Visitor: 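Sharing a structure with you now.
Sequence lines set the chain letters: A, B, ... in the order given, protein chains first and strands last, and positions in each chain run from 1. Worth saying up front: this structure is predicted, and the values here are computed from it rather than measured.
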2 protein chains.
Amino acid sequence: MTVEPGAAPRRTPLTKESVLRAAVAMADEPGAGLPSMRNLADRLGVKAMALYHHFKNKDALIDGMVDLVFSEVELPRDDDADWRPAMRRRAVSMRDALTRHPWAIGLMDSRTNPGLATLHHHNAVIGCLRAGGFTIAGAAHSFSLLDGYIYGFTLQELSLPFENQADIEGLADTMFTQYPFGDLPHLTEMMLNQALQPGYDYAEEFAIGLDLILDGLSRKREAWT
Amino acid sequence: MTVEPGAAPRRTPLTKESVLRAAVAMADEPGAGLPSMRNLADRLGVKAMALYHHFKNKDALIDGMVDLVFSEVELPRDDDADWRPAMRRRAVSMRDALTRHPWAIGLMDSRTNPGLATLHHHNAVIGCLRAGGFTIAGAAHSFSLLDGYIYGFTLQELSLPFENQADIEGLADTMFTQYPFGDLPHLTEMMLNQALQPGYDYAEEFAIGLDLILDGLSRKREAWT
DNA sequence: CTGCGTACCTTTACACTGTACGGTCGATCT
DNA sequence: AGATCGACCGTACAGTGTAAAGGTACGCAG
C-alpha cells in the first residue's frame, strides 16, 4: 500500500539551500519584507515546523539569507593586476547585490554570525589590497572605508522616499504644504535645483563618492604604514 | 465624589514627547530592541491602545523616535567660519548619537517620512557647505558621501560581533575551530596582526576614513561645478 | 446648573507571529 | 524482524499590532 515512487508525495526532501533560495526569493518580492515561517513553509509545500529541522531558529535562517546575498558579489582575485579597478568593480557589484535584495542591508547590524561566503569575500578583498601594495594596516583602513561607504550609500539610497521623477514631485508637493519651508532655505534650494531637475538620478552620486575615495586611497597607499 | 487633585489617578496626560522619550529610553536598554506597544504602555502606566491616541500606528511612533535621535546631533551653523572642522564635528556627533541609540541605524531604510529635526539637520549641513564655497552640486556630492560613510561605518561597527578584547579572542577561537581557516590566509593575517593586537580599537578607523574623505572634498571643492 | 462635545484611556477581540513538545511515517541498518 | 533515524506534521502557547467600541472626566454653551 506504499505510494508509487512516481506519485511523489514530496518531490524532494528540502535542503538548507532550497529553503534559503525560496526565502530570498520571497523577501525580494516588492514590498514583501522577510517572510514568516508559515508563509515560507507554504511556498515550499510544507508545514512551518519542518523548517526547524534545517535551521535552529529563524535567526539562523536569516544568517543564511545574508550569506547568500554575499555570495552574489563579484570577488576580486589575488592576482588582479591593478587593485583600483578591482576594488571599483567589487564596490559596484556589492551595491548591485544590496539593491537586488534591499531587505538585506537593514539586517547587517544584529547579524553577528558571518557565513562562509561573507568570510571568503572579506578574505578576497584584503588579499587584493595586499597584492596592490597596501600594508596590513592600510588594507584595514581601506576595507573599513570602502565597505562603510558602500553600505551607507546604499542604505541612504534605499531609504529615499521616491524611486522616480513622479514620486519626487509628489513628495516635494506634500512637503511644501506640510512643513514651514521658509525655515529650510538650503534644503529647498537643493531640491529645486537638483532633485527636481529633469534627468536627475541619485544613483550617479555613488560613483562620484567612490572615485573620490579611491583617489584618496591611492594617495595614501604608500604613506600608510 | 470626584478624586482629590492630589490623588492623581493619572499624573499627567501623556504627550507625543513623553511617549517618544520613554520609547527611546526602552530601546536604549542593552539588548532590548524596539519595545512592543504593550511593554511601552506598561512603562507609562497605561494600556496599549492609549498610545494610538497619540500615534497613528507603530510606524509613526518609530518615525518619531528616529527624528528624536536626529535632534541630538550637533548642527553646524551657516556662519561657521570653516566648513571643514564644522563637518568633522557634525560627523563625530552623528556617530555618537547613532552609537547611543544603536537600534536607530537599522531603521533608516524603510523609514521614508523624515521628521522636522531630520529636515533641519539636512538644511544646516547643506547651508554650511554652501557657505564654505561649495556649489549646489558639490554640496550634494559632499552630503551624500559624508552621510553615506557615517551611516555605513556605524552600521559596520555595530555589527561587529565583539565589543572588547576578550570578545575578540573568544570569537577568533571559535572561528579558527569552526572554519577552514587555511582557505582564508589574508583574513587570518589581518586578524592576527591587527584585531588581536593589544590596544586595537576599531573606533579609530572612523577618524582615518573621515579625514581622507574631508581631504578629498577640499581638493574637489572648487573643481565641482 | 444642565447637557453635550471632546480628549484621553480601557476592554475586548482578531489575525498573525516564532517556536516548544510530541507524534507519525517511511527508509535504512543490523 | 526489530531498531534506529531523518523528515515532516499537529497542537499549543505566549506574544505581537491594531480595529471597534465603550467608558469617564473636563470645559464650555445654553
Visitor: Does a side-chain N or O from A:Ser36 land closer than 4.0 Å to OP1 or OP2 of C:dC16, or not?
Guide: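 Checking A:Ser36 against C:dC16: no side-chain N or O falls below 4.0 Å of OP1 or OP2.
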Visitor: Do you know the tightest heavy-atom contact between B:Leu61 and B:Leu20?
Guide: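 So the two residues come closest at O-CD2, 3.5 Å.
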Visitor: Taking the six-membered ring for Trp, are A:Tyr202 and A:Phe153 parallel (under 30°), tilted (30 to 60°) or perpendicular (over 60°)?
Guide: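 Judged by the thresholds at 30° and 60°, the geometry between A:Tyr202 and A:Phe153 is parallel.
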Visitor: Aromatic rings B:Phe206 and B:Tyr149: how do their planes relate, parallel, tilted or perpendicular, breaks at 30° and 60°?
Guide: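 Correct class here is parallel.
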Visitor: A:Met49 or B:Tyr52: which one's nearest nucleotide on DNA chain D is closer to the 5' end?
Guide: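 Closer to the 5' end of DNA chain D: A:Met49.
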Visitor: Side chain of B:Arg38, base of D:dG15: donor and acceptor closer than 3.5 Å?
Guide: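 Side chain to base: no pair present.
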Visitor: Among C:dT19, D:dC9, D:dT18, which is the nearest nucleotide to the side chain of A:Asn57?
Guide: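 Looking only at side-chain atoms, A:Asn57 lies closest to C:dT19.
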Visitor: Calculate the interatomic distance between B:Met37 atom CE and D:dT16 atom P; express it in whole Å.
Guide: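 After rounding, the gap between these two atoms is 11 Å.
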Visitor: Using a cut-off of 4.0 Å on non-hydrogen atoms, how would the nucleic acid contact of B:Asn39 be classed: base, sugar-phosphate, or nothing?
Guide: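 The residue B:Asn39 makes sugar-phosphate contact but no base contact.
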Visitor: Give the rounded distance in Å between these two atoms: CG of A:Leu44 and P of D:dA7.
Guide: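 Going from A:Leu44 (CG) to D:dA7 (P), I get 15 Å.
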Visitor: If you assign B:Lys58 and B:His53 each to the DNA chain D nucleotide with the nearest heavy atom, which residue ends up on the more 5' nucleotide?
Guide: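 That would be B:Lys58.
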Visitor: Can you see if the side chain of A:Lys47 gets near the phosphate of D:dC8 - specifically, an N or O under 4.0 Å from OP1 or OP2?
Guide: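 False: A:Lys47 side-chain N/O out of range (4.0 Å or more) of D:dC8 OP1/OP2.
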Visitor: Nearest whole angstrom, please: distance from the P of C:dC9 to the CG of B:Leu51.
Guide: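 The distance from CG of B:Leu51 to P of C:dC9 comes to 9 Å, rounded to the nearest Å.
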Visitor: May I have the distance from B:Asp59 (atom CG) to D:dA19 (atom P), rounded to whole angstrom?
Guide: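 That distance rounds to 12 Å.
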Visitor: Expressed in angstrom and rounded to an integer, what is the separation of B:Lys16 atom NZ from C:dC8 atom C1'?
Guide: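 For the pair B:Lys16 NZ and C:dC8 C1', the rounded distance is 14 Å.
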Visitor: If you look at every heavy atom in B:Lys16 and B:His54, which pair is closest and at what distance?
Guide: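 Nearest heavy atoms, B:Lys16 then B:His54: NZ-O, 3.2 Å.
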Visitor: Side-chain N or O of A:His54 versus OP1/OP2 of D:dC8: is the shortest distance under 4.0 Å?
Guide: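 So the side chain of A:His54 is within the cut-off, an N or O lying under 4.0 Å from OP1 or OP2 of D:dC8.
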Visitor: Starting from P on D:dG15, measure out to CG on B:Leu40 and report it in whole angstrom.
Guide: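 Nearest whole value for this atom pair: 17 Å.
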